[in-house]
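Read through the structure below, which is laid out as structure tokens, and then see the notes.
Whatever order the structure lists ligands and atoms in, that order sets their numbers, starting from 1.
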Amino acid sequence: MDYYNRKMLLKSTGRYIAPWLVKNDDLAQWMDTSDEWIRQRTGIEQRYWVPEDGDIGASDLGLEASKIALERAGWSPEDIDLIIFGTLSPDMHFPGSGCLLQHKLGLDTTPALDIRQQCSAFLYGLTTADAFIRSGHANRILFVGAEVHSPALVKADRGRDVTVIFGDGAGAACLEGVETDEPVGVISSVLHSQGEFARSLMMPLPASRITEEDVREGRHDAYMDGRNIFKTAVRKLPEVANEALEKAGLSIDDIDIIIPHQANLRINQAVQKSMNIPDGKMYNNIHRYGNMTAASIPVALDEAIEEKLVDKGSTVLFLGLGAGLTWGGVIYRHF
Ligand code: COA
């Protein structure tokens with residue numbers, strides 16, 4: 001079979017957000033923070049968390065988002081050739097949440113692949129799905145990005161820089177191979193990682209190397225050098241956007257909408273300013289959800305499709321940077 005003309009169509013999307021609305025003011029009951037500080041520094045007004053009984057995992061939120069995406073695609077779970085699951089907050093340390101989701105979808109032996117690219121999960125996931133589809137290894141792929149951050153967030157002063165930022169939710173996308181000569185689907189993709197800076201955003205435990213001191217020192221809490229990540233993101237995101245544009249032979253004017261990861265409104269505003277991107281071309285929803293890591297971009301995409309900001313013929317630039325460090329840019333033309 002000739003796979004040369006096979007392009008990846010974003011057939012449908014779905015989202016599911018955790019049920020517990022936590023406003024900025026609510027956080028002040030656990031830690032020394034304020035609505036004003038959080039809004040000014042991040043743009044976040046609220047986020048949603050799972051209930052505290054510990055019964056909901058990333059695969060559960062992923063399942064709900066998947067059901068919506070599958071229904072919109074007109075697929076039954078049996079139509080899926082491969083599941084790609086992005087999360088940094090899996091249900092279990094192992095096995096991966098992709099396997100749990102596979103079973104919850106009622107599937108028997110469909111392959112499931114977990115990826116751990118954190119805030120860049122959608123970029124790595126989309127690129128991986130595109131490669132599987134173009135090579136003929138799979139034709140119908142379910143991508144899910146889902147996070148249940150809240151149980152592991154420190155609800156006390158010592159964790160306030162991290163805790164106020166993160167929310168729980170899931171986004172799903174049905175991705176399908178279609179034969180066409182048109183320049184559509186993934187037009188270009190640029191991915192990077194830099195383990196040198198792994199320690200600027202990390203959760204050291206659980207890990208294969210573990211000491212009593214690790215446990216005593218609370219190394220199961222997330223650590224973030226926020227200032228450094230902020231500065232790096234503001235520099236790297238325009239850089240990778242330009243790399244993706246150059247690879248595609250496009251200019252920023254050819255892009256209809258940019259859907260960036262939602263880590264901090266100020267980061268996205270700085271990227272917008274440095275690239276001269278007009279208002280309305282940069283999609284932001286962090287005020288509603290906070291940072292949902294692997295779920296942020298697919299949830300934003302689902303909303304942008306609903307708002308008709310992404311339609312047939314739209315050229316979309318996805319951008320993101322997060323733990324790893326990992327970052328990337330993907331240009332996709334919808335059809
Ligand atoms: N409420 C109130 N005060 C807080 C706070 C909170 N939730 N968190 C931190 N502070 C305090 C700090 O202790 C510090 O106090 P000090 O000046 O007395 O030492 C002060 O606020 C400023 O802290 P700083 O870390 O410099 O703030 P900032 O402007 O850099 O904003 C972040 C902090 C985390 C919002 C910001 O750095 C950021 O968003 N970074 C990027 C995060 C990111 O992209 N992560 C990747 C996820 S993929």
Say whether [X] and [Y], considering side chains only, have a donor N or O and an acceptor N or O under 3.5 Å apart.
X: Gln262; Y: Asn291; value: no
X: Ser189; Y: Thr127; value: yes
X: Thr293; Y: His149; value: yes
X: Ser314; Y: Asp256; value: no
X: Asp225; Y: Ser200; value: no

Exercise. How are the rings of Tyr289 and Tyr48 set to each other: parallel, tilted or perpendicular (split at 30° and 60°)?
Worked result: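 Tyr289 vs Tyr48 ring planes: tilted.
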Best match, [options]: closest heavy atom to [atom]:
atom: atom 48 (S) of ligand 1; options: Ala263, Gly322, Cys119, Ser120; result: Cys119
atom: atom 4 (C) of ligand 1; options: Phe166, Trp37, Trp327; result: Trp37
atom: atom 28 (P) of ligand 1; options: Arg41, Arg227, Met224; result: Arg41
atom: atom 12 (C) of ligand 1; options: Met292, Gln40, Arg160, Met31; result: Arg160

Salt-bridged, [X] to [Y], with N to O below 4.0 Å?
X: Arg216; Y: Glu213; result: no
X: Asp221; Y: Arg158; result: yes
X: Asp79; Y: Arg140; result: yes

Problem set entry | Residue pairs, two or more places apart or on separate chains, that pass ring pair (Phe, Tyr, Trp, His ring centres under 6.0 Å) and touch residues 181-210 |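 Only His192-Trp327 qualify under ring pair (Phe, Tyr, Trp, His ring centres under 6.0 Å).
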Proximal atoms of ligand 1 relative to [X] (non-hydrogen, under 4.0 Å):
X: Val164; answer: 7 (N)
X: Ile229; answer: 43 (C), 44 (O), 45 (N), 46 (C)
X: Asn291; answer: 47 (C), 48 (S)
X: Asp32; answer: 1 (N), 2 (C)
X: Leu321; answer: 48 (S)

Is ligand 1 under 4.0 Å from a heavy atom in the side chain of [X], in the backbone, in both, or in neither?
X: Gln118; value: neither
X: Thr42; value: side chain
X: Ile267; value: side chain
X: Asn264; value: side chain

Does even one non-hydrogen atom of [X] get within less than 4.0 Å of ligand 1?
X: Ile165; value: yes
X: His261; value: yes
X: Ile38; value: no

Exercise. Got a sec, which hydrophobics cluster with Tyr223, joining ILVMFWY side chains under 4.5 Å apart, including via others?
Worked result: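 Met202, which link up through side-chain heavy atoms under 4.5 Å apart, make up the rest of the cluster.
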Problem set entry | Axial cation check for Trp49 ring with Lys23, 6.0 Å and 45° limits |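 The answer is no; the distance or angle limit is not met.
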Exercise. Ligand 1 and Ser34, any nitrogen or oxygen pair closer than 3.5 angstrom?
Worked result: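 The answer is no, given that Ser34 and ligand 1 share no N or O pair closer than 3.5 Å.
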How about [atom]: does it have a protein heavy atom within less than 4.0 Å?
atom: atom 45 (N) of ligand 1; value: yes
atom: atom 17 (O) of ligand 1; value: no
atom: atom 2 (C) of ligand 1; value: yes
atom: atom 32 (C) of ligand 1; value: no

